[in-house]
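Here is the naming used below: chain letters follow the sequence lines, and residue numbers restart at 1 for every chain. Note that the structure is a prediction, hence the values are computed from the model and not measured. Below, each value reflects all heavy atoms present in this structure, side chains not excepted, and no hydrogens, waters or symmetry copies.
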Amino acid sequence: MHDIRMVREQSAALRDGMQRRGMLEQLEPVIARLESLDRERRQTIQTVEERKAARNAASQEVGRKKKAGEDASELQAQTRALGEEIARLEATLSDTEAAIQKGLYEIPNVTLAEVPAGDESNNTVVRSWGTPRATEGVKPHWEVGEALKLIDLPRGAKIAGSGFIVFRGAGARLVRALMNLMLDLHTRDHGYDETWVPVVVNRASMTGTGQLPKFEDDMYGLTDDQGFLIPTAEVPVTNLYRDEILDAAQLPLAMCAYSPCFRREAGAAGKDTRGLLRVHQFDKVELVRYCRPEDGAAQLELLTGHAERILQTLGLPYRVVLLAAGDTGFSSAMTYDLEVFAPGVGKWLEVSSCSVFTDYQARRANIRFRAAPGEKPQHVYTLNGSALAFPRVIAAILEHCQQPDGSVVVPEALRPYVGLDVLR
RNA sequence: GGACAGGUGGCCGAGUGGUUGAAGGCACCGGUCUCGAAAACCGGCGUACCGGCAACGGUACCGUGAGUUCGAAUCUCACCCUGUCCGCCA
């Protein structure tokens, strides 16, 4: 969420940011309305506070008179009328403020200068690693997965619904292996603090990271309670320090967490629905960092490198894509997608999305730090990235490491965790 | 799930419906004293918003929300959270 002051004082930069996302036309009415609501709000505040000052003075006078044994009934009646006026003004004010809030929630973050303007056709591959193998003769992961009895999609659909996966045998062990490998690397080599968090969170947390109010349809909500299943560990982990003020010495703060993730994928019907590419529940190790504003860009490079390291360790060819403004997520200021090549389906699969949110999330979630004792707290910059999402990594392994006989060579780094060299 | 008890400033802890933003203490900052330090003493010490170039003025905030009242930290209701005991349960 932006600060209303951003709208007031930096409206040119805001409009430029929306232009670069290709959303200015759509959002111009919202911005213009915010500008007028802002003026309205301040106007009303002035009036209401002036009336309150008058009421406070009159109330004290009533008290004084009563104490002195004088009659205060007339003054009381006047003050009551004043109170009624205040109530009306406050109702107006709270309407105005709600409208401002709503408007601010509709405006996405402004992207950083190095982010290319325009829609996804302007996404840029900034580097790549490894050599994608030829697609010739490589079977899609769902065929291998089924043949090797690693994945049971029909039974997943039976017990939960389509888009829910069952892993079996070595497939299930592969999931556990990935979890351990990733957590080990991030905690041992990359300095992340391992965290284990609830997969159910409340509305305040979902609002803090920006899933609410705009994307409620994408999430699973609990029907009897006011909770939601998390779509990513970003939500609980980033919210850990919601409404807190950190010491400067705590920054940069780095946390990683394994969690299952739940997504309704509403509106995605028919797209990438085969196999493991788009499912309602999947596992992921997530990286979350908080840093000082001046470190934001460097921290994004660092975090992205940590995610890349997993793909390198697994020996899977990938490329790093800098998303154009129009393709960058709502709350994000800059995002790199990591795409691994899956020769069986002949596609680059997004297995990670690493973003810096500047202070956009931190403002919403009210996460601050004090640069020096006695200074005013300011918002941290938040970052996160998957490292990595399991199902697509598994798909890539089943395809990239596939042998002509249909068996799959387990990436070397994973062998101690899986306990097998080849899946056959 | 049931029964009690409780939620006040960075922390502890007072608070009778009326100059209470809130006693007192701790912590913290500045000063006096000291060769220096400690102790003692003196002073300072919340946040947000609105107006103002500023000095400053105003408003709001005692878990959250609503209500009663001329006036609410203080009274009423609902909700949330914490603690203790009971029940149930992996």
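No salt bridge links A:Asp218 with A:Arg264; every basic N to acidic carboxylate O contact stays at or beyond 4.0 Å.
In the region residues 196-210 of chain A, proximity to RNA chain B at under 4.0 angstrom, judged on heavy atoms, holds for none of the residues. Remark: nothing in residues 93-103 of chain A comes within less than 4.0 Å of RNA chain B through any heavy atom.
The separation between A:Asp243 atom CG and B:U64 atom P is 12 Å, rounded to whole Å. Atom CD in A:Glu90 sits roughly 18 Å away from atom P in B:C49 (whole-Å rounding). Rounded to an integer number of Å, the gap from CD1 of A:Ile245 to C1' of B:G10 is 10 Å.
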Quiz item: Dot-bracket for RNA chain B: what is it, with Watson-Crick or G-U pairs under 3.5 Å, [ ] where a pair crosses earlier ones, and | for a pair to another strand?
Solution: ((((((((.[[[..)..(.....]]].(((((.......))))).((((((....)))))).[[[[[..)....]]]]])))))))....
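Within the 4.0 angstrom heavy-atom criterion, no nucleotide atom of any strand lies near A:Arg64.
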Between the protein and nucleotides 45-47 of chain B, which nitrogen or oxygen pairs are less than 3.5 angstrom apart?
none

List every contact pair, protein side and nucleotides 67-72 of chain B side both N or O, where the distance is under 3.5 Å.
residue: B:C70; atom: OP1; partner: A:Arg80; partner atom: NH2; Å: 2.5
residue: B:C70; atom: OP2; partner: A:Arg80; partner atom: NE; Å: 3.2
residue: B:C70; atom: O4'; partner: A:Gln76; partner atom: O; Å: 3.4
residue: B:C70; atom: O2'; partner: A:Ser59; partner atom: OG; Å: 3.0
residue: B:C70; atom: N4; partner: A:Lys66; partner atom: NZ; Å: 3.2
residue: B:G71; atom: O4'; partner: A:Ser59; partner atom: OG; Å: 3.1

Between the protein and nucleotides 78-83 of chain B, which nitrogen or oxygen pairs come in under 3.5 angstrom?
none

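Of all nucleotides listed (B:G51, B:C49, B:A60), B:C49 comes nearest to the side chain of A:Glu49.
In this structure, A:Arg203 is not positioned above the aromatic face of A:Phe228 in the sense of NZ or CZ being under 6.0 Å from the six-membered ring centre and within 45° of the axis.
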